[in-house]
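Note that the structure is a prediction, hence the values are computed from the model and not measured. All values below were derived from every heavy atom in this structure, side-chain atoms included, with hydrogens, water molecules and symmetry-related copies excluded.
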Amino acid sequence: MTRRSLTASFTGIQEARVAFALKGWTQENLSFEINLKTRQPIWRFFNGRPIERHTFIEICSILDLEWRLIATNPTVEFLEAVDTKTELGIDALVTQVRVQRFEYIQDQCGILQLLDINRPVSIEHIYIDVNILEEIETQKWLDISDLQKLGREEFENFGKGSVDEKQIPGMQAVETYSKLRVLGKPGVGKTTFLQHLAIQCNRAAFAANLVPIFITLRNFAEDQTSGDYSILKHIRQEFIFCGISDPSIIESLLSAGRVLLLLDGIDEVLNHQSNAVFREIHKFSDKYHKNKFVITCRVASRKLQLRGFTDVEIAPFTTEQIVAFVQKWFVAFTKTTNRSGLAESAQFIQQLEQPENWQFRRLVITPLFLHLACWVFHSQEKFPTKRTDFYKEGLDLLLGKWDEARGIERDEIYKGFLLPQKLKLLSQIAAATFEHGHYFFEQRVIEHYISDYISSVTDTVIEPIQLQLESEAALFAMQAQHGLLVERARGVFSFSYLAFQEYFTARNIVASYNLQALEQALEGLVSHITDPHWHEIFLLTAGMLRSADSLMQLMKQQVDALVAQDPYLQEFLTWASQKSRTIPTKPKDATVRALYMALARTPHVASHFALASTLDQGMFLDAALDDLLLECTISSSPDFAHAYVCADALKNIIGIVLDTGLQKSLQKLSSELPSFQQNRERFQRWWQASYASWSQQLKTTIANYRNIDHHWQFSPQQQQVLQRYYDANQLLLDCLNSNCEVTAAIRQEIEASLLLPQRELEDREWQ
């Protein structure tokens with residue numbers, strides 16, 4: 001029996017609104033044309049409410065629309081009557097099938113449930129268009145020796161889709177290739193990208209001539225209880241659920257190439273099912289080759305090739321994409337107004353760009369870690385001071401929580417290893433490779449480390465061939481399941497993020513099995529105190545230790561030993577220490593010593609004045625006198641302008657001198673300078689006859705009253721030692737200020753004894 005009422009579908013309403021706008025009418029005009037007594041049916045039509053069948057048809061007729069394509073849930077008679085042999089007929093069929101499945105696709109693909117968020121969010125409220133790398137890392141042949149020359153910054157940028165590496169929008173890639181396999185590391189948004197494609201196609205905003213079909217491959221594999229892996233049967237069952245029972249409709253769409261088939265997560269299919277699923281995909285894509293296919297897969301699972309498919313990879317987020325994602329996230333999840341959400345997102349971006357948060361910027365280039373960073377920031381109103389907590393949460397996501405939240409069960413390839421054993425294996429791999437200074441390592445090397453670990457935890461003797469196979473399987477698991485190790489080029493691996501290699505290296509140190517082993521591990525760590533590549537390891541280790549007292553003391557001993565054997569450098573430190581004791585207001589002694597050491601090494605630096613002026617008037621005076629000495633000795637040739645600068649600087653200094661003796665001596669020297677009203681010949685005669693003696697008197701006066709003189713002449717080697725010494729002291733301070741657990745007594749002693757000469761350090765020990 002024919003229904004008495006009809007309802008416009010979502011896409012039908014959009015088409016009707018366009019047609020109505022083109023007419024230039026009001027709802028009153030339209031109701032008059034149809035001879036209605038009230039505008040209520042017009043309002044109900046445009047708001048998706050049911051209205052009388054004859055009225056619905058008349059409205060569509062007046063707007064020059066085919067009512068069957070505007071109505072939701074069309075009659076079975078219409079679907080059966082469509083002539084799919086003509087282009088017009090197949091177009092009508094595509095539109096009507098999409099309309100009838102509209103709500104199903106919206107429900108299937110229109111929402112996201114993110115980790116730690118207790119409510120779903122519409123995909124359009126959070127989705128950011130992705131970019132695609134057409135050249136995949138592991139397809140490159142690169143020499144391991146060349147890769148090992150890359151520094152930290154070059155490693156961080158490796159494989160991120162640099163400016164010279166071609167990137168195209170994700171939608172463009174789908175339009176370009178009829179059969180596409182989209183690869184990506186865990187958490188880069190592969191599934192969300194497919195869901196977005198389905199929603200856009202469902203709304204006719206993308207591939208409007210196609211019907212979207214979204215299949216989660218792990219669900220597809222699990223549903224095939226009889227072992228009959230049939231994509232066609234799966235689609236038929238889905239269509240029946242949507243009220244389309246005629247199998248000829250599906251066949252017509254597939255034969256005409258009018259389907260956008262989206263297959264998500266080929267890597268999530270269990271091993272014993274994967275071959276059958278691959279065969280079915282091959283068979284189906286060959287038979288219905290006119291259609292458009294998009295399959296997602298983790299990068300490490302690309303070994304099994306799909307004939308006829310083009311492999312591309314999702315690129316990490318750009319800065320612009322990060323900003324756009326953060327804005328959407330805070331508006332969508334903070335349960336506040338749009339204005340408040342945007343304000344909080346602006347604070348997030350501002351904090352992210354601060355120098356102290358550069359470690360977080362390394363990780364938030366994927367939606368997964370960016371979501372985690374937003375969630376932590378929203379909860380704490382800042383980035384965590386202890387980065388180890390953030391790294392641990394990120395590793396929990398990669399090692400299982402991400403799959404667990406989505407109900408994904410993967411094959412166990414670790415041969416029964418528990419989570420602590422997996423963490424220990426990864427820690428040993430990270431520490432061994434980092435110790436050799438390698439960010440990149442060959443497959444055979446990494447498999448060797450895995451073999452050694454498997455042998456160490458197994459009581460039974462394993463044959464070499466079997467051991468090699470198990471090592472290779474474990475390496476594959478770490479790639480495919482966790483994405484912690486990735487193949488950067490043919491047979492060349494690295495950790496997916498340098499932050500994780502550093503975290504696991506620090507974890508390997510802290511996880512030493514007893515106090516003696518821990519002490520040895522810490523001693524090994526401090527041997528790298530002058531190597532900048534290890535600075536992050538020091539900070540992470542300090543943050544992980546239950547007590548960092550021993551590490552801080554070992555670092556202090558190692559720092560002091562850098563200059564302990566050089567008498568000239570010890571004399572220099574003694575002078576700086578003596579100068580620091582002349583400051584009456586007593587700021588932190590180490591800060592004063594640092595200033596005077598900097599003045600002696602790098603005079604005439606404006607920042608010295610800025611630092612000195614914040615500490616003490618005497619220190620500011622010393623900085624000014626130090627600069628004057630340099631100005632007055634910078635040139636040996638008569639220069640009228642240069643002499644004027646020296647005279648003006650001396651006059652300004654006299655105005656801030658409190659010591660009467662020094663003031664009188666400087667005034668006398670100032671009065672001896674020639675008048676600048678004199679002619680140039682008389683000035684030149686004074687310069688030649690008296691300048692050398694005058695400048696020497698200035699040096700002597702400053703040395704006698706303020707103990708400042710540029711007599712420090714460091715060799716190039718001593719300059720290098722001093723620079724390493726300064727950097728190591730800065731690292732020690734950074735560790736102390738990193739919220740690590742250090743007792744108050746140890747902290748005070750270290751801060752008080754920074755930059756002291758060896759003799760004073762020994763005297764402190766006897767006190």
Side-chain angles (χ1 to χ4, degrees), residues 105 108-109 112 123 126-140 159-161 165-202 206-207 210 212-221 231 259-269 274 277-278 281-282 284-285 289 291-318 321 325 365-368 370 402-403 406 408 479-481 483 486-487 496:
I105 292 293
Q108 184 187 29
C109 301
L112 296 175
I123 190 172
I126 196 69
Y127 179 77
I128 299 297
D129 289 331
V130 299
N131 291 334
I132 293 293
L133 299 173
E134 293 188 287
E135 184 179 357
I136 299 171
E137 288 179 8
T138 52
Q139 292 177 341
K140 303 172 183 176
K160 287 187 179 178
E165 192 168 356
K166 186 179 180 183
Q167 294 188 27
I168 61 174
M171 291 287 204
Q172 182 181 331
V174 178
E175 290 174 340
T176 303
Y177 303 104
S178 62
K179 294 181 179 181
L180 192 68
R181 184 161 65 160
V182 178
L183 306 174
K185 301 177 182 68
V188 298
K190 300 182 294 295
T191 298
T192 310
F193 175 55
L194 250 60
Q195 288 178 270
H196 176 69
L197 289 175
I199 293 297
Q200 293 301 103
C201 182
N202 200 37
F206 171 77
L210 303 180
I213 299 175
F214 182 95
I215 298 176
T216 302
L217 285 172
R218 72 173 182 276
N219 294 341
F220 165 74
I231 293 176
V259 169
L260 172 61
L261 186 60
L262 306 167
L263 303 174
D264 183 43
I266 187 65
D267 58 285
E268 297 170 4
V269 177
S274 61
V277 172
F278 261 90
I281 293 173
H282 274 297
F284 190 86
S285 62
H289 58 88
N291 298 278
K292 190 172 283 291
F293 298 83
V294 185
I295 301 177
T296 62
C297 179
R298 287 191 177 179
V299 171
S301 299
R302 63 180 295 273
K303 303 297 184 183
L304 294 174
Q305 296 292 326
L306 281 168
R307 189 174 67 83
F309 280 75
T310 298
D311 282 354
V312 297
E313 184 175 349
I314 293 183
F317 272 176
T318 62
Q321 288 171 315
F325 181 95
I365 55 175
T366 65
L368 179 62
L370 191 50
W402 181 232
D403 282 345
R406 296 181 297 151
I408 299 173
Q479 293 179 80
Q481 296 182 19
V486 294
E487 190 175 10
S496 54

Minimal non-hydrogen separation, Ser285 against Phe293, with atom names: CA-CZ, 3.6 Å

Side chain to side chain contact (heavy atoms under 4.5 Å, CB included) evaluation trace for Leu197 with Phe206: CA-CA 7 Å; Leu197 289 175; Phe206 171 77; 3.9 Å; yes

Are any of the side-chain heavy atoms of Thr366 and Phe317 separated by less than 4.5 Å? no

Shortest non-hydrogen contact from Ala221 toward Val277: CB-CG2, 4.0 Å

How many angstroms lie between atom CG of Asp264 and atom CG of Leu217, to the nearest 0.5 angstrom? 7.0 Å

For side chain to side chain contact (heavy atoms under 4.5 Å, CB included), just list the numbers for Ile199 and Ile123, CA-CA rounded to whole Å, side-chain angles, deciding distance to a tenth of an Å, and then say yes or no. CA-CA 9 Å; Ile199 293 297; Ile123 190 172; 4.3 Å; yes

Worked verdict on Val312 versus Leu180 for side chain to side chain contact (heavy atoms under 4.5 Å, CB included): CA-CA 7 Å; Val312 297; Leu180 192 68; 3.8 Å; yes

Could you tell me which non-hydrogen atom of Lys190 sits nearest to which non-hydrogen atom of Val182, and how far apart they are? CD-O, 4.1 Å

Approximate separation, where rounding is to 0.5 Å, of Ile126 CD1 and His196 NE2: 13.5 Å

Would you name the heavy atoms of Val259 and Ile213 that are closest together and state the gap between them? CG1-CD1, 3.7 Å

So, for Leu112 and Thr192, which heavy atoms are closest and what is the spacing to 0.1 Å? CD1-CG2, 3.8 Å

Report the distance from atom CG of Leu210 to atom CG of Asn291, rounding to the nearest 0.5 Å. 8.0 Å

For Phe214 against Gln108, the heavy-atom pair lying closest together: O-NE2, 2.9 Å

Salt bridge flag under 4.0 Å for residues Lys185 and Glu313: yes

Begin with the C-alpha distance, continue with both residues' side-chain angles, and end with the deciding distance and a verdict on side chain to side chain contact (heavy atoms under 4.5 Å, CB included) for Ile215 and Leu261. CA-CA 8 Å; Ile215 298 176; Leu261 186 60; 3.9 Å; yes

Measure the CD-CD1 distance between Glu134 and Ile168 for me, rounded to the nearest 0.5 Å. 4.0 Å

Of all residues at least two apart in sequence or in a different chain, which pass the side chain to side chain donor-acceptor pair (under 3.5 Å) check with Tyr127? none

Of all residues at least two apart in sequence or in a different chain, which pass the side chain to side chain contact (heavy atoms under 4.5 Å, CB included) check with Thr318? Asn131, Glu320, Gln321

Would you find a donor on one side and an acceptor on the other, under 3.5 Å apart, between the side chain of Lys292 and the backbone of Val174? yes

Nearest 0.5 angstrom please: Phe193 CZ to Ile132 CD1, how far? 5.0 Å

Nearest-0.5 Å distance that lies between atom CZ in Arg307 and atom CD1 in Ile281: 13.5 Å

